[in-house]
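Everything below concerns the one structure shown next.
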Amino acid sequence: MLTLTRMVFEKQLTGSILQAVRAEFGVDPDPARIVLQHTNPDFEGDVTFVVFGIVKQLKAAPEEAGRKIGEFLVANGDLVEGYSVVKGFLNLLIARQHWMAAMQKALMDPAFGTRKPEPDAHPVVIEYSSPNTNKPLHLGHIRNNLLGWSVAEILKANGQDVRKVNLVNDRGIHICKSMLAWQKTGNGETPESSGIKGDHLAGKYYVAFDRMLKEELAGLVKKGMSGEEAMKKSTLMEEAREMLRRWEAGDPGVRELWKRMNGWVYEGFDSTYKALGVDFDKIYYESDTYVEGKKIVQEGLAEKVFYRRPDGSVWIDLTADKLDEKVILRADGTSVYITQDIGTARLRYDDFSFSRMIYVVGNEQDYHFRVLKIIISRLGMGFSEWSDAIEHLSYGMVDLPSGKMKSREGTVVDADDLIEGMRSETEARTRELGKIGDFESVEAHELYRVLAMGALKYYILKVDPEKRMLYNPEESIDIHGNTGPFIQYAYARIRSVLRKADATEQVAGYASMEVSSYEGMNEKEKTLVCHLAGYPDAVREAGEKLSPAVVAHYVYEAARLYNQFYHDHTIVDPARENTSMFRLQLSVWAARVMASATHLLGMEMPERM
RNA sequence: GGUCCCGUAGCUCAACUGGAUAGAGCAGCUGCCUUCUAAGCAGCAGGUUACAGGUUCGAGUCCUGUCGGGAUCGCCA
């Protein structure tokens with residue numbers, strides 16, 4: 001079972017098989033029952049038709065049916081040149097010239113594997129990253145950012161018009177805590193004066209607030225209060241709440257400090273985003289969208305979608321959908337998380353009139369998005385018709401070998417530290433190998449960056465998004481086996497071969513060679529051709545599943561197969577001009593597919609390493 | 001307790017959505033560099049797919065139950 005090779009001639013074969021069945025048995029099975037799969041390498045053939053699916057309808061034994069269909073396919077048309085039947089499996093051999101034609105066509109298409117944009121299609125909006133402005137980004141954000149960016153690229157490759165958006169949670173009690181601690185203990189410290197990156201500086205004061213609060217609470221508890229009581233009586237908490245009220249009231253002093261500190265944070269985020277290679281078409285700020293949310297709540301109240309409790313809080317009853325009642329607005333009239341999400345959704349619809357909106361958010365918020373979807377479907381006002389367009393791309397948590405990341409226990413892995421650690425570790429390993437001559441050059445340092453980020457991105461993205469994953473620092477910087485650098489290495493070797501071929505007079509014209517003039521095709525070559533021809537299907541499947549892991553597994557397999565081919569066969573052999581040129585063409589194709597696929601993962605490919 | 005996810009080799013991940021003998025990598029052991037980059041290739045070993053039933057030509061995949069792990073059920077985000 002070769003799991004990662006796709007069905008290249010599926011359409012033609014399905015048609016031919018239907019034709020064969022009609023001719024031999026006089027019935028028309030449902031095309032959905034024509035199950036094709038790649039032939040298990042232990043058997044001879046390229047594509048296997050699973051006869052079981054239609055055997056009942058044919059009223060024939062599986063083997064006999066397989067033989068008749070196989071015979072028909074060989075006799076009629078030139079696609080199938082041989083067959084064999086094993087139990088209920090009809091193994092078909094695709095004629096060589098069809099593989100060659102597929103390869104030739106791919107070589108002539110610079111965008112091989114991707115689909116052209118559909119004209120007039122409504123855009124797909126994808127939200128990812130969505131940080132809070134009180135702390136720097138951590139490992140969890142890295143998974144989110146890499147996933148969001150990659151899924152956006154995959155959808156683009158599937159012909160969709162994609163808009164990447166970010167929603168910054170820039171307001172609320174958390175940022176007030178940082179502000180307050182900075183006022184009290186900061187002595188005017190800035191990123192410039194301290195040399196600390198802006199987001200880390202804000203995080204430093206968030207932590208400082210937490211420490212001060214703990215001290216105060218401990219004191220109060222010592223005086224005999226309960227934990228809950230102490231939280232209510234805490235002057236620090238009261239000051240933070242007061243600051244939030246002043247912020248909502250538009251107090252100029254508070255607003256100015258808020259803008260200043262958030263400005264530092266954005267500078268810090270920008271540099272992390274740049275290092276990760278992610279970007280956005282539009283950034284939304286919660287401080288803008290929550291106002292829209294509150295407006296919609298009023299409209300929803302008028303339409304009786306929501307109801308008000310005596311204390312003034314606003315609710316929605318979701319028991320009909322087997323959920324419970326959810327608060328939409330606090331008793332004091334301030335908004336909660338979901339309030340602003342409703343507002344943001346409508347603002348985005350006004351902005352983009354999207355056909356889909358995908359939220360890349362961790363699976364701990366599955367419930368939240370179920371609720372959001374139902375609320376939007378219940379609201380009138382042009383809402384309900386697009387509630388189906390809302391999708392939650394829910395991904396699993398990132399664990400560490402020591403267990404879960406916990407901010408309390410200080411086990412949270414900082415994104416910037418992680419990236420820098422990967423880079424320096426990659427540098428050390430590359431130097432150890434001693435392959436590149438000039439370690440001080442700009443190119444060398446660029447290579448360390450490319451390899452480090454390639455390792456990190458591949459390590460994160462190869463795991464199916466919906467699954468919880470383990471981040472093992474040791475393994476993430478590995479360069480052997482199923483890793484990013486393994487793929488980069490395969491690519492760099494191809495580029496090296498091609499550079500030499502370009503300089504070799506005898507074969508320098510390989511690019512214009514008609515591949516069908518090559519008579520051979522050994523096993524390794526064929527396996528590679530087969531796999532490369534399946535690239536468009538991998539892109540399509542990744543788009544359907546919103547899963548970069550599909551692309552990751554595909555491209556790893558491509559690199560693995562190429563390495564086997566490279567190892568077993570000499571590519572440039574002056575004594576065999578035609579063979580050399582075919583193998584160079586095959587190498588060009590492999591390199592292009594690898595470059596294209598890894599681009600979808602946000603990886604860069606080195607010319608040499 | 002209610003709801004929802006997950007359980008595959010010692011470890012990290014696959015398995016084309018029901019198809020053939022469940023595949024890779026890491027870790028372990030063994031080979032292969034005077035020849036296009038050995039960051040590579042090949043081999044050995046490693047499995048009752050948590051467990052028990054069921055559905056059918058066929059189940060890691062679907063259904064029921066059990067056990068184990070996680071998330072969520074805030075006027076936090």
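Treat the numbers as computed from the prediction; the structure is a model and nothing was measured. The chains referred to below are lettered A, B, ... by the order of the sequence lines, with proteins before strands, and numbering in each begins at 1.
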Whole-Å gap separating C1' (rC76(B)) and OH (Y290(A)): 17 Å

Step-by-step side-chain hydrogen bond (donor to acceptor under 3.5 Å, both in side chains) determination, D46(A) to T39(A): CA-CA 5 Å; D46(A) 299 317; T39(A) 301; over 6 Å; no

Partners meeting salt bridge (Lys or Arg N to Asp or Glu O under 4.0 Å) with R495(A) (sequence neighbours left out): E607(A)

Touch class at under 4.0 angstrom, heavy-atom based, for D170(A) against every strand present: nothing

C1' spacing across the pair rA27(B) / rA9(B), given as an integer number of angstrom: 12 Å

Aromatic Y395(A) / basic R143(A) pairing, under 6.0 angstrom, 45° off normal: no

Assigned glycosidic conformation for rC32(B) [threshold 90° from 0]: anti

K56(A) side-chain proximity, nearest of rC57(B), rC11(B), rA38(B): rC57(B)

Sequence-distant partners of R560(A), salt bridge (Lys or Arg N to Asp or Glu O under 4.0 Å), two or more places apart: E557(A)

Base of rA15(B) paired with side chain of D464(A) (donor-acceptor, under 3.5 Å): no

Stem regions touching RNA chain B, defined by at least 3 consecutive Watson-Crick or wobble G-U pairs below 3.5 angstrom: B:1-7 with B:67-73, B:10-13 with B:23-26, B:28-32 with B:40-44, B:50-54 with B:62-66

F89(A) and F52(A) aromatic centres sub-6.0 Å: yes

Below 4.0 Å: OP1/OP2 of rA14(B) and any side-chain N or O of K467(A): yes

Ring-ring centroid check F565(A) Y562(A), cutoff 6.0 Å: yes

C1' gap between rA22(B) and rU61(B), integer Å: 11 Å

Sugar-phosphate only, base, or nothing, as touched by L470(A) at under 4.0 Å among non-hydrogen atoms: sugar-phosphate

Spacing of the C1' atoms in rC29(B) and rG46(B) (rounded, Å): 12 Å

Sugar-phosphate, base or nothing in reach of S130(A), heavy atoms under 4.0 Å: nothing

Touch class at under 4.0 angstrom, heavy-atom based, for A501(A) against every strand present: nothing

Between rC11(B) and rC51(B) - P atom distance, rounded Å: 15 Å

Rounded distance in Å between the C1' positions of rA14(B) and rA24(B): 7 Å

Residue pair I17(A) / F49(A), side-chain heavy-atom distance below 4.5 Å: yes

Sugar-phosphate only, base, or nothing, as touched by K135(A) at under 4.0 Å among non-hydrogen atoms: nothing

Sugar-phosphate, base or nothing in reach of L451(A), heavy atoms under 4.0 Å: base

Side chain of S496(A) (C-beta onward), nearest among rC36(B), rA77(B), rU37(B): rU37(B)

Sugar-phosphate only, base, or nothing, as touched by Y566(A) at under 4.0 Å among non-hydrogen atoms: base

Shortest side-chain distance from K87(A), nucleotide among rC36(B), rU21(B), rA38(B): rU21(B)

Per V463(A) side chain, nearest of listed nucleotides rA14(B), rU3(B), rA24(B): rA14(B)

K524(A) vs N482(A), nearer the 5' end of RNA chain B by closest nucleotide: N482(A)

Gap in Å between the two C1' atoms, one belonging to rG43(B) and one to rU48(B), rounded: 27 Å

Among rA20(B), rC41(B), rC36(B), the one nearest H567(A) by side-chain distance: rC41(B)

F43(A) over rA20(B), stacked by centroid distance under 5.5 Å, angle under 30°: yes

Where the chi angle of rU17(B) falls, syn if within 90° of 0 and anti if not: syn

Protein-to-nucleotide contact annotation, 5' to 3' order, nucleotides 69-75 of chain B [B base; S sugar-phosphate only; - none; under 4.0 Å, heavy atom]: -SSSS-B

Sugar-phosphate, base or nothing in reach of R429(A), heavy atoms under 4.0 Å: nothing

Ring centroids of F89(A) and rG19(B) base under 5.5 Å with planes under 30°: no

Distance under 6.0 Å and angle within 45° of ring axis: R309(A) vs W315(A): yes

Whole angstrom value for the distance that separates C1' of rG2(B) from NZ of K322(A): 12 Å

No-H, no-angle donor-acceptor pair, T39(A) side chain to rA20(B) base, under 3.5 Å: no

Spacing of the P atoms in rG7(B) and rA50(B) (rounded, Å): 8 Å

Rounded distance in Å - CG (L137(A)) to P (rA77(B)): 20 Å

Spacing between I571(A) atom CD1 and rC41(B) atom C1', to the nearest angstrom: 14 Å

Pairwise 5' ranking along RNA chain B for N563(A) and V35(A), keeping only the more 5' one: V35(A)

Phosphate contact (rG40(B) OP1 or OP2) by H480(A) side-chain N/O below 4.0 Å: yes

Enclosure of R429(A) CZ (heavy-atom neighbours >12, cutoff 6.0 Å): yes

For F486(A), all residues meeting ring-ring contact (aromatic ring centres under 6.0 Å, His included), sequence neighbours excluded: Y556(A)

Residue K545(A), side-chain heavy atoms: nucleotide from rC36(B), rU17(B), rU37(B) that is nearest: rU17(B)

d(OH, Y471(A); C1', rC11(B)) in whole Å: 17 Å

Rounded distance (Å) that lies between atom P of rC5(B) and atom NE2 of H392(A): 14 Å

Value in whole Å for how far the P atom of rG40(B) lies from OH of Y489(A): 7 Å

Quiz item: cation-pi between R171(A) and Y285(A), 6.0 Å / 45°: no

Cationic N near anionic O, under 4.0 Å, E238(A) to R241(A): yes

Euclidean distance, atom CZ of residue R583(A) to atom C1' of rC36(B) [Å, nearest integer]: 12 Å

Sugar-phosphate, base or nothing in reach of F486(A), heavy atoms under 4.0 Å: sugar-phosphate

Aromatic centroids of Y471(A) and Y459(A) separated by under 6.0 Å: yes

Inter-nucleotide P distance (rG23(B), rG28(B)), Å rounded: 24 Å

Residue list, ring-ring contact (aromatic ring centres under 6.0 Å, His included) with H174(A), at least two apart or on another chain: none

From rC13(B), rG25(B), rU37(B), nucleotide with atom closest to H553(A) side chain: rC13(B)

